[in-house]
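So the structure is just underneath, and the comments pick up after that.
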Amino acid sequence: MLTLDTGAPAEDIALGMRSELLADDLPHFDAILDEALAPQRDYLSDTEHAIYRQGKRLRPAVLLLAARMVHGPAPLPRKVLQGAVSLEMLHVATLIHDDIVDDSALRRGLPSVNAARGTEAAVLVGDLQFVQAIRGFVRAIDRDSDMALIELVLDTAFQIGCGELDELRTDMNQTPERLVAHYWRTCDRKTAVLFGLAAEAGVTLAGGRTSDARRAGFFGRRLGRALQVMDDLFDLAQDEAGSGKPHGMDLLRRRASLPLVYAMAELGPEHRVSRAMRGEPLDADGLERCVAEVRGTTGFSRAYADARAQALEAIELLRPFPANRYRYALGDLALHIVDRRP
């Protein structure tokens, strides 16, 4: 049985990077974010401001580090910071919509938008963040070669929506092999694609070559895969105090996370874990027993091995870039995601 250290969240390393490597960029980022939120002033409550205020801004950090990896320490063009702000707004839009789909009452330990304001308002507020994010990316463009970025942003948003629908449409009666393939496709669309956008947009907006931008995008998607699998594992290993959400929610909501898919294959179709994933009701005691049994399978360690493999692949994709501190920080982030040391 694999035991995970549930101390530092994956995003904590972004805090250190922001305070050190990105210290000159943060005031500009905050100023542009305030500008982007200003037109929504009459429609946003303290709940939405808390999401922006308490977010670790991991995706914008990836964008800014990718940009600096090819641009160096000189002041970044405003369009790079505009892109980072727009990326954060796009991410917040997905968080709000995720909570609606999952009927989540908590977001980062605080009431979610749908819990605080109702589903109707949450849908509209999420839409506002999405539209404002797209407007920001459009404003970031100042040359013809940047135009492809808008198509990439729209494709990313489309892929995220498809990933959400793919997750809802998961057929738990499929073979384990098909469930694993379905998981990776959903992971790529729902999570990894936004990290791919972050890294690719950073290089693009900083004036990097198209081939380098695409390589950075591959790095980002591997990073996103690793992060998603680790989130799956922490859903089973971390309590509400540490994660800001209830324990074992993927199992309770019958979300086919990678450790659950591997556990179902190992435990067999008639085990109570597999029956629960196919729709058999679970009370609180039953949920705890199922979580413990999943953690006792080799599927838990297999999922961790997959996450680490993705992180190592991400680091390999960085090797052709300049050997500077920004590249090393992105590599450290990939390792931190799977190491999780306090």
Response to the item:
Shortest non-hydrogen pair, A216 vs A199, comes out as O-CB, 3.1 Å

Worksheet item: Short question: side chain of D99, backbone of S112 - any donor-acceptor pair under 3.5 Å?
Response: no

Worksheet item: Does Y262 have R302 sitting over its ring (NZ/CZ under 6.0 Å from centre, angle to axis within 45°)?
Response: yes

Worksheet item: With a cut-off of 6.0 Å (strictly less than), are more than 12 heavy atoms of other residues, nucleotides or ligands near CZ of R178?
Response: no

Worksheet item: Are any of the side-chain heavy atoms of P269 and R278 separated by less than 4.5 Å?
Response: yes

Worksheet item: Donor-acceptor pair, N114 side chain versus A105 backbone, under 3.5 Å?
Response: no

Worksheet item: When rounded to the nearest 0.5 angstrom, what distance separates CD in E48 from CG in L95?
Response: 12.0 Å

Fill in: Flag, side chain of R215 to backbone of L318, donor-acceptor distance under 3.5 Å
no

Worksheet item: Would a distance-only check, ignoring hydrogens and angles, find a side-chain to backbone donor-acceptor pair under 3.5 Å from Y52 to L33?
Response: no

Worksheet entry | Minimum heavy-atom distance between L64 and V80, given as atom pair plus value | CD2-CG1, 4.0 Å

Fill in: Sidechain-backbone polar pair: R68 side chain, G72 backbone, donor-acceptor under 3.5 Å
yes

Discussion item. Tell me whether R59 is salt-bridged to E88, with the criterion being a basic N under 4.0 Å from an acidic carboxylate O.
Written reply: no

Worksheet item: If only atom types and distance count, is the side chain of R327 paired as donor or acceptor with the main-chain N or O of F321 below 3.5 Å?
Response: yes

Worksheet item: Side chain of D171, backbone of N173: donor and acceptor closer than 3.5 Å?
Response: yes

Practice prompt. Examine the side chains of T156 and Q159 and answer whether a donor and an acceptor come within less than 3.5 Å of each other.
Written response: no

Discussion item. Measuring only between side-chain heavy atoms, which start at C-beta, is D24 closer than 4.5 Å to P75?
Written reply: no

Worksheet item: Do R225 and W184 come close enough that some side-chain heavy atom pair is under 4.5 Å?
Response: yes

Practice prompt. Say whether, by atom type as modelled, one donor and one acceptor occur between the side chain of R222 and the main chain of A192 under 3.5 angstrom.
Written response: no

Discussion item. Restricting to non-hydrogen atoms, name the atom on I96 and the atom on A122 that form the minimum distance, rounded to 0.1 Å.
Written reply: CG2-O, 3.3 Å

Worksheet item: Any side-chain heavy-atom pair from L227 and Q310 closer than 4.5 angstrom?
Response: no

Item to complete: Would you check if the side chain of R275 reaches a backbone N or O of E270 as a donor-acceptor pair within less than 3.5 Å?
Response: yes

Discussion item. Given Y183, which partner from the list D306, T170, D166, D232 fulfils the side chain to side chain donor-acceptor pair (under 3.5 Å) test?
Written reply: D232

Worksheet item: Side chains of Q132 and R135: is there a donor and an acceptor less than 3.5 Å apart?
Response: yes

Practice prompt. Determine whether V291 and L287 make a side-chain contact, defined as any pair of heavy atoms from C-beta on separated by less than 4.5 Å.
Written response: yes

Fill in: Pair Q40, Q129: side-chain N/O donor-acceptor within cut-off below 3.5 Å
yes

Discussion item. Taking CZ in R214 as the centre, count heavy atoms belonging to other residues, nucleotides or ligands within less than 6.0 Å. Is the count above 12?
Written reply: no

Practice prompt. Could you tell me whether R209 and E200 have a side-chain N and a carboxylate O separated by less than 4.0 Å?
Written response: no

Worksheet item: Does L330 reach the side chain of M69, with side-chain heavy atoms less than 4.5 Å apart?
Response: yes

Item to complete: Is it possible for you to say whether L128 and F137 belong to one hydrophobic cluster, with membership spreading through side-chain heavy-atom contacts below 4.5 Å?
Response: no

Worksheet item: Is there a donor-acceptor pair under 3.5 Å between the side chain of D250 and the backbone N or O of R255?
Response: no

Worksheet item: What's the shortest heavy-atom distance between A198 and L87, and which atoms?
Response: CB-CD2, 3.4 Å

Item to complete: Heavy atoms only: give me the nearest A206-V70 pair and the separation to one decimal.
Response: CB-CG2, 3.7 Å

Fill in: Heavy-atom check, side chain of L197 versus side chain of L90, under 4.5 Å
yes

Item to complete: Answer yes or no: is there a side-chain heavy-atom contact under 4.5 Å between L312 and L335?
Response: yes

Item to complete: Give, for atom CD of E313 and atom CG of L223, the distance between the pair rounded to the nearest 0.5 Å.
Response: 12.5 Å

Practice prompt. Report the C-alpha separation of V113 and I51 in whole Å, then their side-chain angles, then the decisive distance to 0.1 Å, and conclude whether the side chain to side chain contact (heavy atoms under 4.5 Å, CB included) test is met.
Written response: CA-CA 9 Å; V113 177; I51 295 176; 3.7 Å; yes

Worksheet entry | Criterion side chain to side chain contact (heavy atoms under 4.5 Å, CB included) on C162 and L165, from CA distance to verdict | CA-CA 5 Å; C162 290; L165 289 168; 5.7 Å; no

Worksheet, complete the sentence: Closest heavy-atom pair, V125 versus Y43, reported as atoms and distance to 0.1 Å, is CG2-O, 4.2 Å

Worksheet item: Is atom CZ of R272 surrounded by more than 12 heavy atoms (other residues, nucleotides or ligands) closer than 6.0 Å?
Response: yes

